Amino acid sequence: MKGGVVSARAGSSPGTRRVLVRPPSADDCDAFVEAMRASRRFHAPWLSMPRTRDAYAAYVERSQRPSSAFFLACRREDDAIVGFLNISEIVRGSFQSGYLGYGGVAGLAGRGYLTEAMHLVLREAFTNLGLHRLEANIQPGNDASIALARRCGFELEGFSPRYLKVGGRWRDHERWAIRAETWRAARGRART
């Protein structure tokens with residue numbers, strides 16, 4: 001999907017008509033940096049996103065690696081950035097897996113935008129990207145992120161102490177994952 005826009009078609013998945021997801025571009029720099037600066041306290045201590053033009057340029061460069069598929073979630077009505085969803089460290093071969101990171105924009109949280117965007121990204125991951133599994137590593141206590149993962153069909157697989165360095169500290173994480181067959185079964189149930 002590199003370079004394309006993923007949006008819901010009328011009648012596809014319920015509740016996915018307010019957002020679309022698309023790769024980040026250089027043109028998004030000012031809007032993204034502004035959104036991440038405004039979201040700094042909202043994201044702390046869970047994650048840190050680019051808040052300068054140089055950091056954003058490096059983010060866009062990482063998004064173009066073959067092992068990545070980064071998406072901005074944008075509101076259809078005005079193209080406002082409402083969040084981001086990044087698939088990274090995609091491993092092909094017999095694994096067909098990647099890691100998913102995501103976050104919303106302060107002031108727009110709690111409106112269901114990221115849930116809609118997550119459904120679009122899962123569809124992209126398990127169809128066009130051909131992945132079998134996505135894993136989201138979430139810090140205990142990040143209730144909003146855990147609720148989103150659970151709502152979208154991720155299952156808790158385990159706990160990893162001092163797993164990732166975030167904000168200069170090694171932090172514990174829960175490992176949440178979803179497999180293609182789990183996603184397909186949930187879509188089938190939603191249609192009936």
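We number each residue from 1, following the sequence as shown. Keep in mind it's a predicted model, so treat the numbers as computed, not measured.
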**Asked** Parallel under 30°, tilted from 30 to 60°, perpendicular over 60°: which one fits the rings of Trp183 and Phe126?
**Response** tilted
**same_hphob_cluster(Met118, Leu156) at 4.5 Å side-chain heavy-atom cutoff** = yes
**Prompt:** Which heavy atom of Val105 sits nearest a heavy atom of Ile81, and at what distance?
**Reply:** CG2-O, 3.5 Å
**Request:** Report yes or no: does Asn142 contribute a side-chain atom to a donor-acceptor pair with the main-chain N or O of Gln139 at less than 3.5 Å?
**Result:** no
**Glu174 side chain to Trp176 side chain, donor-acceptor N/O pair below 3.5 angstrom** = yes
**Message:** Any carboxylate oxygen within less than 4.0 angstrom of a Lys/Arg side-chain nitrogen, looking at Arg133 and Glu157?
**Reply:** yes
**Request:** Without swapping roles, check the side chain of Arg76 against the backbone of Arg17 for a donor-acceptor pair under 3.5 Å.
**Result:** yes
**Pro24 side chain reached by Tyr56 side chain, heavy atoms, under 4.5 Å** = yes
**Evaluation steps, side-chain contact (heavy atoms from CB on, under 4.5 Å), between Ile178 and Leu122** = CA-CA 9 Å; Ile178 186 170; Leu122 292 176; 4.0 Å; yes
**Request:** Please report the shortest heavy-atom distance between Pro161 and Asp172, naming the atom on each side.
**Result:** CA-OD1, 3.3 Å
**Request:** Give a yes or no answer on whether the side chain of Thr127 reaches the backbone of Arg123 with a donor-acceptor pair at less than 3.5 Å.
**Result:** yes
**Request:** Taking all non-hydrogen atoms of both residues into account, name the closest pair between Phe154 and Leu134 and its distance.
**Result:** CE2-O, 3.8 Å
**Message:** Using 0.5 Å steps for rounding, measure from the NE2 atom of His119 to the SG atom of Cys152.
**Reply:** 4.0 Å
**Request:** Using modelled atom types only, decide if a donor and an acceptor are shared between the side chain of Ser67 and the backbone of Ile90 within a distance under 3.5 Å.
**Result:** no
**Complete:** Closest heavy-atom pair, Leu85 versus Ala73, reported as atoms and distance to 0.1 Å, is CD1-CB, 4.1 Å
**Asked** Is Tyr102 close to Asn86 at the side-chain level, that is, under 4.5 Å between some pair of heavy atoms?
**Response** no
**Asked** Under the side-chain contact (heavy atoms from CB on, under 4.5 Å) test, which residues partner Glu89, sequence neighbours left out?
**Response** Tyr99
**Item:** Evaluation steps, side-chain contact (heavy atoms from CB on, under 4.5 Å), between His132 and Ser97
**Value:** CA-CA 6 Å; His132 175 255; Ser97 184; over 6 Å; no
**Item:** For Asp79, all residues meeting side-chain contact (heavy atoms from CB on, under 4.5 Å), sequence neighbours excluded
**Value:** Arg22, Cys74
**Prompt:** Would you call Arg179-Glu155 a salt bridge at under 4.0 Å N-O?
**Reply:** yes
**Fill in**
One should read off an interatomic distance between Leu72 CG and Ser25 OG, to the nearest 0.5 angstrom, of 7.5 Å
**Item:** Nearest non-hydrogen partners of Leu120 and Val21, listed with the distance
**Value:** CB-CG2, 4.0 Å
**Asked** Is the distance between the ring centroids of Phe70 and Tyr59 under 6.0 Å?
**Response** yes
**Item:** Worked check of salt bridge (charged side-chain N to carboxylate O under 4.0 Å, His left out) between Glu77 and Arg18
**Value:** CA-CA 7 Å; Glu77 68 184 62; Arg18 298 181 304 158; over 6 Å; no
**Request:** List in chain and number order the residues that pass side-chain hydrogen bond (donor to acceptor under 3.5 Å, both in side chains) with Arg92, two or more places apart in sequence or in another chain; answer none if no residue qualifies.
**Result:** Gln96
**Asked** In Å and rounded to the nearest 0.5 Å, what is the CG to CD distance from Leu20 to Glu116?
**Response** 10.5 Å
**Asked** For the residue pair Ile87 and Ala125, what are the closest heavy atoms and their distance?
**Response** CD1-CB, 4.0 Å
**Message:** Can you list everything that forms a side-chain hydrogen bond (donor to acceptor under 3.5 Å, both in side chains) with Arg151? Sequence neighbours excluded, please.
**Reply:** Thr115
**Message:** Check whether His173 reaches the backbone of Arg171 with its side chain - one donor and one acceptor, N or O, closer than 3.5 Å.
**Reply:** yes
**Message:** Out of the candidates Leu114, Ile138, Asn137, only one should pair with Ser145 under the side-chain contact (heavy atoms from CB on, under 4.5 Å) rule; please name it.
**Reply:** Ile138
**Prompt:** Going by the side-chain hydrogen bond (donor to acceptor under 3.5 Å, both in side chains) test, which pairs reach into residues 158-170, not counting sequence neighbours?
**Reply:** Ser160-Arg175
**Message:** I'd like to know whether CD of Glu181 has more than 12 heavy-atom contacts from other residues, nucleotides or ligands below 6.0 angstrom.
**Reply:** yes
**Request:** Share the residues that join Phe95 in a hydrophobic cluster, the rule being Ile, Leu, Val, Met, Phe, Trp or Tyr side chains under 4.5 Å apart at the heavy-atom level.
**Result:** Val91
